[in-house]
Number of protein chains: 2
Amino acid sequence: MSKDHSSNIREVAALAGVSIATVSRALQQPDKVRPETRKKVFDAVRQANFVPNAQAASFRRQSNNTVILLVRDIGNPFYLEIYKGVEEAAGEAGFKVLMGDARNDEHRVATHIDMVRQKHADGLILMTGQFPSELLDQGDALPPIVIASETVPGLELPTVKVDNRAASMNAVRHLMEAGHERIVHLAGPVPESLAQERFDGYRAALAEAGIAYADELVVTGDYSIEAGRQAIAGLLEGGIVFTAIFASSDQMAIGAISELRGRGLSVPGDVSVIGFDDIIFANAFEPPLTTVRQPRQEMGRRAMALMVDRLNGKRTAETIVLDTELVVRGSVAPCRPPHR
Amino acid sequence: MSKDHSSNIREVAALAGVSIATVSRALQQPDKVRPETRKKVFDAVRQANFVPNAQAASFRRQSNNTVILLVRDIGNPFYLEIYKGVEEAAGEAGFKVLMGDARNDEHRVATHIDMVRQKHADGLILMTGQFPSELLDQGDALPPIVIASETVPGLELPTVKVDNRAASMNAVRHLMEAGHERIVHLAGPVPESLAQERFDGYRAALAEAGIAYADELVVTGDYSIEAGRQAIAGLLEGGIVFTAIFASSDQMAIGAISELRGRGLSVPGDVSVIGFDDIIFANAFEPPLTTVRQPRQEMGRRAMALMVDRLNGKRTAETIVLDTELVVRGSVAPCRPPHR
DNA sequence: TTGAAAGCGCTAACAA
DNA sequence: TTGTTAGCGCTTTCAA
C-alpha cells in the first residue's frame with residue numbers, strides 16, 4: 001500500500017538507492033540517466049506516491065511557466081475565445097494560463113502587474129487600454145507584458161491587434177451603401193486608443209462619403225449590454241433621429257437592439273445595426289447580427305507566442321496586425337424614412 | 001536613483017540596518033515592530049525598490065493562497081458570474097483565483113487536480129460533473145476540492161448547488177399551465193447528476209399532470225448553443241411534433257430558438273421555450289427568455305467560502321442548496337395547435 | 001553516468 | 001521588540 005502523505009524527492013532517492021540529483025534528472029531529463037537507474041527511480045516514485053512539488057521547482061528556477069491573461073471585463077464573452085487561443089499556444093509551450101478580471105479598473109491592472117513582480121506569474125497579457133499612469137514611465141522596469149487587442153499610448157510593448165480604423169470604415173460604409181446617413185456610433189471609452197481608433201474610422205467613413213459628422217450621434221460606453229441599452233435610451237429620450245447604429249462591441253449592439261425593441265422599434269425595419277467582435281451570440285441573435293469579426297483565437301495564440309518570445313529574452317516591441325472581416329447577416333436593411 | 005534589478009530581503013535588511021526577520025515582520029505583521037523600526041524598513045524597501053518574492057513565500061509556507069476554478073466549458077457565460085462571486089469571496093479571504101477550462105474532457109480535470117497536487121494552487125472548485133473514474137476511490141488522498149453546481153456520484157465533497165429537480169418541475173409546470181403537453185426536453189449530458197436531476201424534474205412534472213412521457217421528446221447535449229441547434233434540427237427533421245421546449249441551459253434554448261427561426265417557426269408563436277441559468281443574454285434576447293435563474297454570484301461566493309473552510313482544516317462534506325427562481329419573460333405563450 | 005552540496009528568498013521557532 | 005538560524009523541496013554546478 002502506498003503512503004498517503006505527500007512524499008518528497010529525498011524519500012524517493014532513498015527508496016531507489018540513488019541521490020536526489022539522480023531522481024531530479026530521471027524526472028526532468030530521462031535521457032540523462034541509465035535506463036536501469038531510470039527504472040529504479042520510476043518504481044520508487046510509484047511506490048512513494050511521489051508528486052513533485054511544482055512550487056519548489058518554480059521557486060528554484062525563479063519562474064513558474066504561468067502567464068496571466070488580464071481582460072477588461074470577464075463578463076464579455078469576447079474574451080472567452082481569446083482565452084482559448086492563449087491556452088492552446090500556452091499548452092504547446094509548456095505554460096499555464098491564469099485569467100484575471102480588470103473590471104474596468106486600472107487599479108486592478110496595477111494589482112495584477114504586482115502579481116507578476118512578485119513572481120506569481122512570469123508575464124502578463126494585457127487586454128485593456130486602462131493602464132495606471134504612474135507605471136507608464138517605468139519602461140524597462142516593467143515585468144514582461146504583451147498587449148492584445150488594445151494599445152496603451154506611451155507604452156512600447158509587443159502587441160497583437162486588428163486595424164480598428166479600417167474595420168470601422170468598412171462597417172460604416174456598409175451602412176451607407178444601404179442608404180443610411182444618420183448613423184449613431186456607440187463608441188467605447190474614448191479616449192482610450194481602441195475606442196478612439198474605431199471612432200476615427202467612423203468619422204473617416206462619413207467624411208469620405210461627404211456626410212457631416214454630428215456630435216449628438218456619438219455615445220460612449222464600456223462595451224457592455226447595459227451600456228448599449230442606456231445609450232439608446234438616452235438618444236431616444238433626447239429626440240435624436242437616426243436610422244442606423246454602428247456599435248463598437250456586439251454586447252452594446254445587443255443592448256441597443258433590446259432597448260429599441262422595448263420601445264417599439266424594429267431591427268432592422270426601423271433601425272439597422274452593426275456590431276463588433278462576432279461573439280458566439282451574434283449569430284444566434286434575432287436578427288442575426290451583422291458584425292465585424294475579429295480573429296479571436298488567433299489573436300490569443302499570437303499574443304501568447306509574443307509572450308514566449310519575450311520570456312526567452314527577445315526585447316523587441318513588435319506589433320502584429322490581424323485581419324478582420326465584415327460578416328453580413330440580418331441586422332442591416334435599406335434605409336427607410338426615419339422614425340418619428 | 002533606485003536600482004532596477006529586483007532586490008531581496010537581505011539587501012533591504014542591510015540597508016535598514018536590521019535583520020531579515022524584522023523586515024519580514026515589518027511587511028507581514030507591521031504591528032509587531034516598533035514604529036521607528038518599521039519606518040526604517042519601509043524606507044529601505046522603497047530605496048531598494050523591493051518587491052517580495054511571493055513564490056518564495058508560498059514555497060516556504062507550503063501554500064500559495066490560490067484556488068483554481070475549473071469549469072466545464074469556459075465558453076458558457078454562465079460561469080462568468082460564478083467567477084465573479086468566487087473572486088469576490090476569494091479577495092476577502094486573501095486568495096487569488098485561477099480559472100481553468102475542462103473543455104468537457106475529464107482528462108483535463110485530472111490535469112488540474114494534478115496542478116493542486118503539485119501545489120500550483122491550494123484547492124480546486126470543480127464545476128463539471130465529469131470526473132476521472134480512476135480518481136474516485138482515492139477518497140482522502142484527493143487534494144482539497146469543492147464542487148459547485150454539479151455533483152459527482154461517489155464523491156463526498158463540500159458542495160453548493162440548487163435543487164435542480166424542483167426548479168425543472170416548476171419550469172415544466174409553467175409550460176403546462178399555458179396548455180402545452182408536447183414538451184421537448186433539451187437535457188444535459190445524462191447520466192451526469194446535474195443533467196439527470198433536471199431530467200427527473202421534467203418527468204416528475206409530466207407525471208404529476210398525467211401527461212405520458214415520450215422518449216422521442218428528449219435530446220441530450222453539452223449545454224452549448226450548437227447543441228441546442230442540432231437537437232432541434234434533428235427533432236424537426238425526424239418529424240417530431242412539439243409545442244414547447246424546456247432546455248437545461250440558456251445557451252441550448254438560444255440555439256434552439258435560432259434553429260426554429262431558421263426553419264420559419266416563431267417563438268413563442270409556434271413554440272414556447274424556457275431556458276435555465278438566466279445568463280446576461282437571456283434578457284436581451286428576442287423574445288426575452290423565460291428561464292430559471294440560478295443565484296450564480298452567490299453560488300460562487302459560497303463555494304469559495306466552503307473552500308476556505310476546507311483549507312482551514314474543516315473536513316465535513318456539507319451540501320448547500322440555494323434557491324432558484326422562474327423568471328417569466330416573453331418566450332412562453334399559450335399553446336396553439338402544433339405546427340405541421 | 002552519478003553524487004555532493006550549495007542555495008533560491010523567505011518564514012517562523014526560538015532565543016535573547 | 002529584535003536577531004539567529006534552520007529549513008521548505010527542488011535544480012544545478014562541479015567534481016568524481
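Just so you know, these numbers use all the heavy atoms, side chains as well, and skip hydrogens, waters and symmetry mates. Owing to the predicted nature of the structure, the values given are computational and were not obtained by experimental measurement. Note on naming: letters A, B, ... go to the chains in the order of the sequence lines (proteins, then strands), and numbering restarts at 1 for each one.
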Q: Report yes if a side-chain nitrogen or oxygen of B:Thr22 is closer than 4.0 Å to either non-bridging phosphate oxygen (OP1 or OP2) of D:dT2; otherwise report no.
A: no
(Q) Within the structure provided, determine whether A:Phe50 and A:Glu11 are in side-chain contact (heavy-atom separation under 4.5 Å). (A) no
Q.
Is there a side-chain contact between B:Ser24 and the phosphate of C:dT11, meaning an N or O under 4.0 Å from OP1 or OP2?
A. yes
Q: Mind calculating the distance between CG (B:Asn53) and P (D:dC8) to the nearest angstrom?
A: 18 Å
(Q) Does A:Gln55 reach a base, just sugar-phosphate, or nothing at all? Heavy atoms under 4.0 Å. (A) nothing
**Q.** Listed nucleotide nearest any side-chain atom of A:Asn8, set C:dC10, D:dT2, D:dG9
**A.** D:dG9
**Q.** Whole-Å gap separating C1' (C:dT11) and CD1 (B:Ile9)
**A.** 8 Å
Q: In whole angstrom, give the distance that lies between atom NZ of A:Lys119 and atom C1' of C:dG9.
A: 10 Å
Q. Does OP1 or OP2 of C:dT11 have a side-chain N or O of B:Arg61 closer than 4.0 Å?
A. yes
Q: Find the distance B:Gln118:CD to D:dC10:C1' and express it as a whole number of Å.
A: 13 Å
Q: Measure distances between side-chain N and O atoms of A:Arg25 and base N and O atoms of C:dG3, and say whether any donor-acceptor pair falls under 3.5 Å.
A: yes
Q) So does A:Lys84 pair up with A:Glu88, basic N to acidic O under 4.0 Å? A) no
(Q) Rounded to whole Å, please give me the gap between NZ in A:Lys40 and P in C:dT1. (A) 14 Å
Q.
Without decimals, in angstroms, what is the distance between B:Ile20 CD1 and C:dT11 P?
A. 9 Å
Q: Between C:dT11, D:dG9, D:dT11, spot the one nearest the side chain of A:Phe59, thanks.
A: D:dG9
Q) Taking the side chain of B:Ala21 as its heavy atoms from C-beta onward, which of D:dC10, C:dA12, C:dG9 lies nearest to it? A) C:dA12
Q. Which part of the nucleic acid, if any, lies within reach of A:Ala57 when heavy atoms closer than 4.0 Å are counted: base, sugar-phosphate only, or nothing?
A. sugar-phosphate
Q: To the nearest Å, give me how far apart NZ (A:Lys32) and P (C:dG3) are.
A: 16 Å
Q: Using the salt bridge (charged side-chain N to carboxylate O under 4.0 Å, His left out) rule, take B:Glu92 and B:Arg301 through it: C-alpha gap first, then chi angles, then the decisive distance, then the call.
A: CA-CA 10 Å; B:Glu92 287 162 14; B:Arg301 247 184 280 120; over 6 Å; no
**Q.** Validation row: B:Ile20, B:Val12 side chains within 4.5 angstrom (heavy atoms)
**A.** no
**Q.** Minimum-distance nucleotide to A:Arg34 side chain [options: D:dT2, C:dT1, D:dT11]
**A.** C:dT1
Q) D:dC10, D:dT2, C:dT11: which one has an atom nearest the side-chain heavy atoms of B:Thr37? A) D:dT2
Q. Which one, C:dC10, C:dT2, D:dC10, comes nearest to the side chain of A:Val33?
A. C:dT2
Q | Pairwise side-chain contact, B:Lys119 with B:Phe59, heavy-atom cut-off 4.5 Å (strictly under) | A | no
Q. Is the shortest side-chain N/O distance from A:Ser19 to OP1 or OP2 of C:dT2 below 4.0 Å?
A. no
Q.
Less than 3.5 Å apart, any donor N or O on the side chain of A:Gln55 or B:Asn64 sitting next to an acceptor on the other?
A. yes
Q: Could you tell me the separation between the CD atom of B:Glu11 and the C1' atom of C:dG9, rounded to a whole number of Å?
A: 11 Å
**Q.** Selection from D:dT1, C:dG3, C:dT11 that lies nearest to any side-chain heavy atom of A:Val18
**A.** C:dG3
Q.
On DNA chain D, does the nearest nucleotide to B:Asp31 precede the nearest nucleotide to B:Arg60 from the 5' side, or the other way round? Give the residue.
A. B:Asp31
